[in-house]
Amino acid sequence: MKRKVCRLILAVINLILVSAFLVRAAELSRIEIKPGNLSTRVILIADTPVQVTGLSYISETPPVLSLELAKTRPVEMPASLEPGSRLVRNIRLEPVGENLRILLQLKDKVPFRLLVEDGKTILEFNEFLRSSAYHIDPALTALIRPENQISFANLNVKTEPDKVSFLIGLTGQAPVQTFALDNPSRLVVDLLNTNYPRSSQSYQVGRANVDRLRVAQFKTSDPCPITRLVFDLKDTGWYSLDTTGQGLRISFYSPEKNILAQNTEQPVKKAEPVKTALANAMPAPEEQTTKKPAIKVEEKKEIAPVKAEAAPVETKAEPEPKAAKPQAQAKAQFKPRVIQTVEDKYSGELISLKFKDADLRDVVLFLADFAGLNVIFDPEVRGSVTCNLQEVPWDQALEIVLRQNRMGKIIEGNVLRIAPMSTLAREDEDLRRMKESKELAGPIQVKTITLSYSKARDVQSLLKSRLSKNGEIVIDERTNTLIISEVRDRMELLEKLIGVLDTPTPQVSIEARIVEATSTFIRNLGIQWGYKGVIDPFYGNQTAISFPNKILADGALIPQGIVTKGIGGPLGGYAINLPAPAFNTAVGFSFANVLDTFRLDVALSALETSGNGRIISSPKVTTQNNQAAEIVQGRQIPVQTVANFTVTTRYVNAALELRATPQITAEGTIIMNIEIQNNAADFANLVNGIPPITTQSAKTTVMVPDGGTTVIGGIYRTEDSITRDRVPYLHSIPVLGSLFRSFARTKQNRELLIFITPRIIK
């Protein structure tokens, strides 16, 4: 029994050890960047093959690609790398639980693919090439031989919910090189040493970021025949390129899906090939190709993507870099959205034309043959052409030639129809009337759409201009719901418009700081002095002459408290009465002889005061974008007025008030219309029992960055007054002049500053 228990324990331990070994995290030791003329490779080097669980663009401006590796940890690697590549600007490593997320910030949002080569995981980016030179990779020249020329057999397209694949049948293995073009975005795949047996073809796709595919013989020689495939892309994203036994497979993956790859042997679902219809365009011309490519023959295994459960932008575990997130959100919010439009683009192959008095039909037939289109002329088509056009797209040349002769064109599939503009206009009018008639006669759909962020009445007024004659919109204000009755074609447009209008409005928090600082300094100096002298026989100090025998000198005739304020003395008044206007310190002296026949009184008064004060008010309010907000804190003063024996009471605000209307710009800054008032009641100076209002206000419009602070107003006031009371002439006596003057000085500084700090609430 004990042996069985021991064996069971050993088996469990072995199982635990084996499981721990199997789930051991891969160690990423190095990331290499290898730029080339046509592409840039990011090579991930780890001790074991890494498992890719997420790969997608998560930011437009700047372009950021998120690559998530399962159970991977970096070893002796910094959190941020600056590779110095012309395409890859920055690489950041962010652990997410047991996984590792790699954020690659790029210069341009370019097509990319994920492949495995020699046990290394490689991200290959096709850079946008804007040069006119075209070169073939010297590594591929050894495979280019006349006896090894390959023929383009067929092209099939198979679609799946999350991708579209192009199966290209070839009679052999063709060297391949790829590059990307922008404005508009295109991916170009050149099959070297390959002949295309047919004329130029165009396939309308409209799936998985691919608008259409154009195939043509780009070169017939010098140095070899080249068949070119041009994929017109709605948006750049992930694609794969596999060399198979039957030829070549090129797959593009839908951006709506979160593209995941579980391992390098993940099988790809098979589907029946479906041929697409022909359209009316041509591949990119030779002049639009670029630099010397550095592409190897595709004999590598692609990491096959599978479907996921959520889109990468909506997944919380896929954040953007912190520095780019606010700017990216603002750009995305204010980016123009095309709801319905028709654009004319000239994307045909370049051609040169030189004709003199040539028949219009012959010129059109020449251009149609060049473009591989069938032509049918209206009986009224006639005219001549004289032109000299060098290196212009063929479709633009056709447009110019027809417009010169007042002719128009219609391309249906691969058939070009030429007719006078008046005929086409009349047909368009008839078609429009027939379409309107069918639209009005079609079935009416009724849908209810409940709005989350917009008012139903506001959206109703915006959608009225897009309704058909039979369309109607009714609102239910209780549930904020639109009830739309409309034909099917118009209903789709209305739903798109509602999706754009019913979006959350960002909020702005506005904080104001009102700082009021005051400083006061007062210094007063005053003097009061008087005297009284008596010469009289009563006191025995009469004069020695008969006249005057008695003398009375009274220097105390200005009594204190009648003419001016001061301090009293024994004499009851002063001859020089210049006390300080206000004082808190005083000293008096009184001098007299024994008989009190002569008395001198002196009083000095002084005051010195200094003070500093600071008042800080900080109102804060939050509001939605382009919505006014107001906050008030304080008191209201009742003011009564009497008119026609009627007493009317109104209230005047003596409060701190902040009114603001923010507007968020596409750059992430905030424009604000601001009005601030800081009013206070002055109860020290009542007028008929009503205090006056001390007002401080500012009203302005400013633009401030998110989280920035600006000073929208400032008042600096300085008061400095000096008052001198003095006796004429006597105050100028040197030294003794101080006995005949007083001094008072008042200095007051007042400073008011208003700061504003807005923040976008994310």
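Atom set for the values below is all heavy atoms of this structure, side chains included, hydrogens, waters and symmetry mates excluded. Note that this is a predicted model, so its numbers are computed, not measured.
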- Going through the checks in order, is the side-chain contact (heavy atoms from CB on, under 4.5 Å) test met by Trp238 and Leu114? CA-CA 8 Å; Trp238 186 4; Leu114 187 64; 3.8 Å; yes
- Task: Measure from the ring center of Phe231 to the ring center of Phe252 and say whether it is less than 6.0 Å.
- Result: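 Under 6.0 Å, so yes.
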Verify, without hydrogens or angle tests, whether [X] (side chain) and [Y] (backbone) share a donor-acceptor contact under 3.5 angstrom.
X      : Y      : result
Asn480 : Ser452 : no
Ser461 : Val459 : no
Ser59  : Pro63  : no
Glu477 : Ala456 : no
Arg186 : Pro184 : yes
Asn653 : Ala655 : no
Thr669 : Glu667 : no

Are [X] and [Y] close enough for a salt bridge, meaning some N to O gap below 4.0 Å?
X      : Y      : answer
Glu511 : Arg759 : yes
Lys107 : Glu127 : no
Asp211 : Lys234 : no
Asp232 : Arg214 : yes
Arg490 : Glu492 : no
Glu516 : Arg614 : no

From [X] [atom1] over to [Y] [atom2], what is the distance, rounded to the nearest 0.5 angstrom?
X      : Y      : atom1 : atom2 : value
Asn679 : Arg635 : CG    : CZ    : 12.5 Å
Leu100 : Ile102 : CG    : CD1   : 5.0 Å
Leu482 : Arg457 : CG    : CZ    : 10.5 Å
Gln677 : Glu657 : CD    : CD    : 5.0 Å
Leu81  : Asn90  : CG    : CG    : 7.5 Å
Asn678 : Ser697 : CG    : OG    : 9.5 Å

For residues [X] and [Y], determine if any side-chain heavy atom of one lies less than 4.5 Å from a side-chain heavy atom of the other.
X      : Y      : answer
Asp235 : Leu233 : no
Ile761 : Pro506 : no
Ile91  : Leu103 : no
Leu467 : Ile473 : yes
Arg466 : Leu494 : yes
Ile510 : Pro662 : yes
Leu501 : Thr503 : no
Ile670 : Val508 : yes

Go through the side-chain N and O atoms of [X] and [Y] and say whether any donor and acceptor fall under 3.5 Å apart.
X      : Y      : value
Gln748 : Ser519 : no
Asn625 : Gln663 : no
Tyr239 : Asn126 : yes
Thr694 : Asp682 : no
Thr448 : Thr481 : no
Ser185 : Thr236 : no

Would the number of heavy atoms belonging to other residues, nucleotides or ligands and lying under 6.0 Å from [atom1] of [X] be above 12?
X      : atom1 : value
Glu630 : CD    : yes
Tyr651 : OH    : no
Arg513 : CZ    : no

Where is the tightest heavy-atom contact between [X] and [Y], given as atom of each residue plus distance?
X      : Y      : value
Pro35  : Thr40  : CA-OG1, 3.9 Å
Leu451 : Asp502 : CA-OD2, 3.5 Å
Pro74  : Leu93  : CB-CD1, 4.1 Å
Ser617 : Leu656 : CB-CD2, 3.5 Å
Gly714 : Leu753 : CA-CD2, 3.9 Å
Met491 : Ile484 : CE-O, 3.8 Å

- Task: Could you pull out all residues at least two apart from Glu495 that satisfy salt bridge (Lys or Arg N to Asp or Glu O under 4.0 Å)?
- Result: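 If we apply the salt bridge (Lys or Arg N to Asp or Glu O under 4.0 Å) test to Glu495, skipping adjacent residues, the hits are Lys447.
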- Intermediate values then yes/no, salt bridge (Lys or Arg N to Asp or Glu O under 4.0 Å), Arg92 and Glu94: CA-CA 7 Å; Arg92 292 180 56 194; Glu94 294 184 357; 2.9 Å; yes
- Under the side-chain contact (heavy atoms from CB on, under 4.5 Å) criterion, do Ile756 and Thr709 qualify, and how do the steps go? CA-CA 6 Å; Ile756 289 291; Thr709 301; over 6 Å; no
- Message: What verdict does the side-chain contact (heavy atoms from CB on, under 4.5 Å) test give for Ile483 and Ile475, after you've listed the backbone C-alpha separation in whole Å, the side-chain angles of each residue and the deciding distance to 0.1 Å?
- Response: CA-CA 6 Å; Ile483 304 173; Ile475 64 172; over 6 Å; no
- Task: Check the pair Leu497, Leu462 against side-chain contact (heavy atoms from CB on, under 4.5 Å), reporting the backbone distance first and the verdict last.
- Result: CA-CA 9 Å; Leu497 289 172; Leu462 295 173; over 6 Å; no
- Query: Parallel, tilted or perpendicular for Tyr57 and Phe112, by the 30°/60° rule?
  - Reply: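 It falls in the perpendicular class, over 60°.
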